[in-house]
Asker: 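Next up is a structure, given as structure tokens.
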Amino acid sequence: MEIPELFTEQSQPREPDPPLNQDRGPDPLLDDLTDPQVEAVTHVDGPLLVVAGPGSGKTRTITRRIAYLVRRVGIAPWHVLAITFTNKAAGEMRERVAELLTPRQARALTVCTFHSLCARLCRMYADRLGLTANYSIYDTADQQRAVKQALEALDMSTGNFPPSKVLAAISNAKNELLGPEAFAGLSHDFYSKKIAQVYKKYEAILQKNNAQDFDDLLLNCVSLLKNHPDVLDELRARFQYLMIDEYQDTNHAQFTLANALASEHKNLCVTGDPDQSIYGWRGANIKNILEFETHYPNANTVRLEQNYRSTKTILAAADALISNNAQRKNKSLWTDNEIGDPVRVVTCRDEQHEARWLVDHLRDLHVQQGIAWSGMAIFYRVNSLSRVIEDALRTAAIPYQIARGTAFYDRKEIKDAIAFLRAIANPTDEVALLRIINTPARGISAASVKTMRAHAVAHQMTLNQILERPEQVTALNNRAVNSIARFGKLMRGWCDTIASGDGEEITLRYFVEQVLRESGLEDYYRNDKSDADDDRILNLGELISGVQQFETELAEMELELDEAGAIEDDLEIEQDNEARESIDADNDSASEAILDDPTNPFDPITDGISGDLTRLDVRLSLFLERVALISDADAVDDDQGTVTLMTLHAAKGLEFPVVAMLAVEEGLLPHERARDDPSEKEEERRLCFVGMTRARRHLLMTNARYRTIFGQKTPAMGSSFLRELPHDAIEAIDETEEHSTGGWGQSGRGDYGADEDMGDDDPYADEAEQEARQFAPGTLVRHPDFGMGRVVSLGRVGMHTRARVEFPTSGVKTLILQYARLEKVHHQ
DNA sequence: AGGTTCGAGTTTTTT
DNA sequence: ACTCGAACCT
């Protein structure tokens with residue numbers, strides 16, 4: 001997939017404006033940039049606001065600016081902190097800057113998300129926060145459990161106080177930097193006073209468990225800087241140049257953090273686009289960017305308004321849409337790109353019809369215009385809309401992937417496995433412990449657990465301590481005591497291994513395998529025949545591969561560390577790279593100064609990683625952190641040669657030659673929850689704007705007359721946003737009338753192909769035959785779970801093709817081609 | 001102790 | 001249509 005490849009050949013400006021300052025002399029870092037881009041890149045000290053419209057070369061500007069600061073100005077790379085919205089964006093930015101720097105310079109940069117920065121800082125300064133470095137990060141499910149515990153302790157019912165509502169209130173409070181006391185101080189009515197009590201209790205539970213939720217990561221870092229001036233000084237000295245991307249989606253806590261870090265040197269560069277602010281519901285405050293010039297009256301503001309991405313038509317349509325937002329600063333977007341095709345607005349009968357139409361259309365683009373599958377994306381407002389289109393893509397044998405990084409970790413078996421690991425890494429984490437204490441069943445009943453917890457509370461103990469000596473709980477019967485003791489011994493064994501373990505002798509992968517085996521989890525899911533899907537054990541295998549992969553990355557990091565050891569080595573590396581980097585101008589003395597800073601208080605590579613990478617417990621904690629902070633967008637694998645499916649929110653920052661937006665209907669986009677609130681409706685419009693502006697050449701927006709919601713066929717209506725698009729930019733295609741004399745939904749076959757007139761030609765036969773040809777016996781294929789395999793034989797069953805495929809690891813499997821996500825392996 | 005069944009709520013969007 | 005929890009059964 002072409003993620004932010006903002007600047008491929010075809011999207012280059014045809015005639016770049018001449019450089020701003022000719023007297024500077026030629027500079028490869030600047031020569032191909034436009035005036036405003038150069039202005040942003042060469043701005044060194046003081047606040048800078050870059051208002052960047054979609055496709056305006058924002059990423060290129062940021063990466064060039066980092067390179068400029070390091071290479072031309074001579075700023076040490078470890079003084080640069082670049083914050084992105086997702087881990088994936090961070091990785092890509094680091095990669096792109098790395099092309100302009102030496103390897104060591106690139107490594108010394110800090111490029112990450114707010115959350116991972118904070119997770120690292122919390123680890124480094126854990127003692128100041130009343131935590132230990134092995135603290136747990138709670139996801140939404142863990143938070144729910146903690147809230148339920150709090151409600152129970154306070155004798156409040158989940159009926160009157162739904163945990164999700166309570167959590168939303170707590171989250172909002174934290175985003176506004178309100179602790180439990182401050183929140184209580186602002187609560188005057190009965191309901192919010194009650195919430196304040198829960199909040200307080202919830203915090204106590206997290207504290208006791210040595211745990212933080214997502215919001216705490218930010219909140220605690222803000223308090224860290226506020227309450228510990230020495231830490232603030234240290235970090236201000238470290239991060240002298242701040243760059244924050246997607247600034248329109250920062251919340252108050254992030255805003256405060258950024259401003260605290262920049263409070264001394266004021267070298268704060270923020271980039272973003274108010275029209276692409278789509279996370280208001282998560283506490284993002286669009287005013288952060290709108291009022292930047294008020295916060296920093298001497299700020300330099302640069303506007304990037306030329307679009308290099310989309311056709312004139314697509315840009316005009318998107319611009320017309322966003323102009324309907326009242327709360328908006330006017331902005332003139334323009335492009336030199338060609339006019340291109342009209343935006344296709346398609347009305348179908350129902351979601352099945354919509355999916356088939358879309359699949360047919362994408363196939364046409366692929367076959368007739370040679371557009372790669374990876375150049376196509378399908379966006380939707382809510383995740384549940386992906387299912388129908390998935391089925392259609394699978395049936396048509398079009399390769400696809402879904403951007404849902406969190407989905408894998410949402411599976412029960414994976415959550416169980418992770419809970420074991422978390423309970424081992426952080427034995428005080430009661431939420432994790434409670435999840436697995438009797439999973440798989442090992443004779444510790446809910447009643448026994450309740451007794452243990454009561455005992456723990458009464459004697460000021462942790463649950464973990466009771467596992468060590470269950471016999472002291474007199475209220476437990478012998479059988480329970482034995483079961484608990486047995487489990488305690490297991491836990492103790494793992495904890496000992498992890499504490500004394502050395503990653504050289506015992507790899508994390510080996511350890512995780514050991515835990516899965518000894519915990520009985522593996523056997524439990526292997527023998528689990530009740531469930532129709534036998535994927536669970538495979539998923540556990542995939543988790544192991546994930547651990548393995550993580551460990552390989554760590555090993556690479558260590559290797560680089562060794563290589564980068566001595567300064568002499570660095571100079572050699574520097575020279576080696578000189579040939580590669582024609583971009584170097586003559587006066588590049590800057591980088592030498594950088595390498596020569598013995599006073600650097602931070603090791604550019606290991607800082608933030610509390611301790612020694614060879615230690616098993618450190619590895620485990622880092623792995624768990626990685627898992628906790630994974631995002632949907634991170635899951636997208638570029639260049640897999642597949643169509644990409646994702647929510648509109650996940651689409652931010654990406655671009656594709658072909659974009660299809662599904663279910664552009666009233667109630668879905670804008671979502672019905674935004675109906676009564678004008679500002680929420682404007683956010684929905686921005687969301688639509690974000691989706692449209694991801695498209696380079698082809699933009700499709702579909703809607704259906706009927707859509708199945710909660711299993712109910714419900715009438716649907718095209719979105720009001722569609723009516724805001726200019727007529728001359730769109731081509732309205734009504735597919736509802738074509739073959740139907742009796743309205744929608746007869747056989748659903750009528751409009752599928754030209755087969756109506758062809759008499760005996762079954763439309764599915766074509767499909768099946770195509771499949772069969774593609775997967776002839778002997779063909780090398782790849783299955784998402786079983787890996788590589790070879791087709792042994794093919795057989796037709798009804799309208800499906802059944803393939804027997806031999807996999808080296810899993811043996812021979814019988815798969816239905818239309819459903820199994822088999823992919824043909826192409827070799828050169 | 002542990003598994004099964006039945007009903008309710010569910011779908012925004014995510015670090 | 002599907003998932004989760006609570007009550008109910010073995």
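Here the structure is a predicted model, which means the values were calculated and not measured.
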Asker: Just the rounded figure in Å: distance from C1' of dT3(C) to CG of D410(A).
Answerer: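 Those two atoms, CG and C1', are 13 Å apart.
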Asker: Measure from CZ on R707(A) to P on dT11(B) and round the result to the nearest Å.
Answerer: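 Answer to the nearest Å: 18 Å.
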Asker: Please report the distance separating the C1' of dT11(B) from the corresponding atom of dA6(C), rounded so that it comes out in whole Å.
Answerer: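 Those two atoms are separated by 23 Å.
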Asker: Using whole Å, what does the distance between atom P of nucleotide dA1(B) and atom CD1 of I444(A) come to?
Answerer: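 Whole-Å distance recorded here is 10 Å.
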Asker: Give a yes-or-no answer on whether the side chains of N134(A) and N210(A) include a donor-acceptor pair shorter than 3.5 Å.
Answerer: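 The answer is yes; a qualifying pair exists.
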Asker: Quiz question: by atom type and distance under 3.5 Å, do the side chains of N288(A) and Q248(A) form a donor-acceptor pair?
Answerer: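 Note: N288(A) and Q248(A) side chains miss the donor-acceptor criterion.
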Asker: Could you check how far CG of L662(A) sits from P of dT12(B), rounded to whole Å?
Answerer: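 Value for this atom pair: 18 Å.
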Asker: Please step through ring pair (Phe, Tyr, Trp, His ring centres under 6.0 Å) for the pair H649(A) and W281(A), ending with a clear verdict.
Answerer: CA-CA 12 Å; H649(A) 283 90; W281(A) 52 274; 5.7 Å; yes
Asker: Just the rounded figure in Å: distance from C1' of dA1(B) to CZ of R479(A).
Answerer: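 R479(A) atom CZ is separated from dA1(B) atom C1' by 7 Å.
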Asker: Go through K174(A) and D213(A) one step at a time and tell me if the salt bridge (Lys or Arg N to Asp or Glu O under 4.0 Å) criterion holds.
Answerer: CA-CA 10 Å; K174(A) 287 184 178 181; D213(A) 62 27; 2.7 Å; yes
Asker: Within this structure, what is the CG-CZ distance for the pair L699(A) and F656(A), rounded to the nearest 0.5 Å?
Answerer: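 Rounded to the nearest 0.5 Å, the CG-CZ separation comes to 13.0 Å.
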Asker: Could you go through nucleotides 13-15 of chain B and list every protein N or O atom that sits under 3.5 Å from one of its N or O atoms, giving the distance for each pair?
Answerer:
from, atom 1, to, atom 2, distance (Å)
dT13(B), OP1, N383(A), N, 2.8
dT13(B), OP1, N383(A), ND2, 3.2
dT13(B), O4', R381(A), NH1, 3.4
dT13(B), O2, W281(A), NE1, 3.1
dT13(B), O2, R381(A), NH2, 3.3
dT14(B), OP1, D632(A), OD2, 3.4
dT14(B), OP1, T647(A), OG1, 2.9
dT15(B), OP1, S631(A), OG, 3.1
dT15(B), OP1, D632(A), N, 3.3
dT15(B), O4', R282(A), NH1, 3.4
dT15(B), O2, H115(A), NE2, 3.2

Asker: Sticking with atom C1', work out how far dG5(C) lies from dT12(B), rounded to a whole angstrom.
Answerer: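 These two C1' atoms come out 23 Å apart once rounded.
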Asker: For nucleotides 7-10 of chain B, print each protein N/O atom paired with a nucleotide N/O atom at under 3.5 Å, atom names and distance only.
Answerer:
none

Asker: Would you verify whether the NZ or CZ of R282(A) falls within 45 degrees of the ring axis of Y279(A) while also being under 6.0 Å from that six-membered ring's centre?
Answerer: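 Checked: cation-pi criterion met.
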Asker: For a quick check of understanding: with a heavy-atom distance under 4.0 Å over all strands, which category does D139(A) fall into, base, sugar-phosphate or nothing?
Answerer: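 No contact at all - D139(A) keeps every heavy atom at 4.0 Å or more from the nucleic acid.
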Asker: Decide whether a cation-pi geometry holds between R123(A) and Y135(A); the criteria are a distance under 6.0 Å from NZ or CZ to the six-membered ring centre and an angle within 45° of the ring axis.
Answerer: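 Geometry flag: set, cation within 6.0 Å and 45°.
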Asker: Could you give the CZ-to-P distance, from R145(A) to dC4(C), as a whole number of Å?
Answerer: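 It is 11 Å, rounded to the nearest whole Å.
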Asker: Does a side-chain N or O from N438(A) land closer than 4.0 Å to OP1 or OP2 of dG2(B), or not?
Answerer: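 Checking N438(A) against dG2(B): at least one side-chain N or O falls below 4.0 Å of OP1 or OP2.
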Asker: Rounded to the nearest Å, what distance is computed from the NZ atom of residue K415(A) to the C1' atom of nucleotide dC4(C)?
Answerer: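 Checked: the NZ to C1' distance equals 12 Å.
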Asker: Out of curiosity, E246(A) CD to Q254(A) CD, how far, rounded to the nearest 0.5 Å?
Answerer: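 CD of Q254(A) is found 11.5 Å from CD of E246(A).
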Asker: Nearest whole angstrom, please: distance from the C1' of dA1(B) to the NZ of K450(A).
Answerer: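 Going from NZ in K450(A) over to C1' in dA1(B) covers 17 Å.
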Asker: Please tell me which of A674(A) and S448(A) maps to the more 5' nucleotide of DNA chain B, matching each residue to the nucleotide holding its nearest heavy atom.
Answerer: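 First, find each residue's nearest nucleotide; the 5'-ward one identifies S448(A).
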Asker: Mark yes or no: K415(A) above the aromatic ring of Y409(A), with NZ or CZ under 6.0 Å from the six-membered ring centre and no more than 45 degrees from the axis.
Answerer: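 K415(A) over Y409(A) ring: no.
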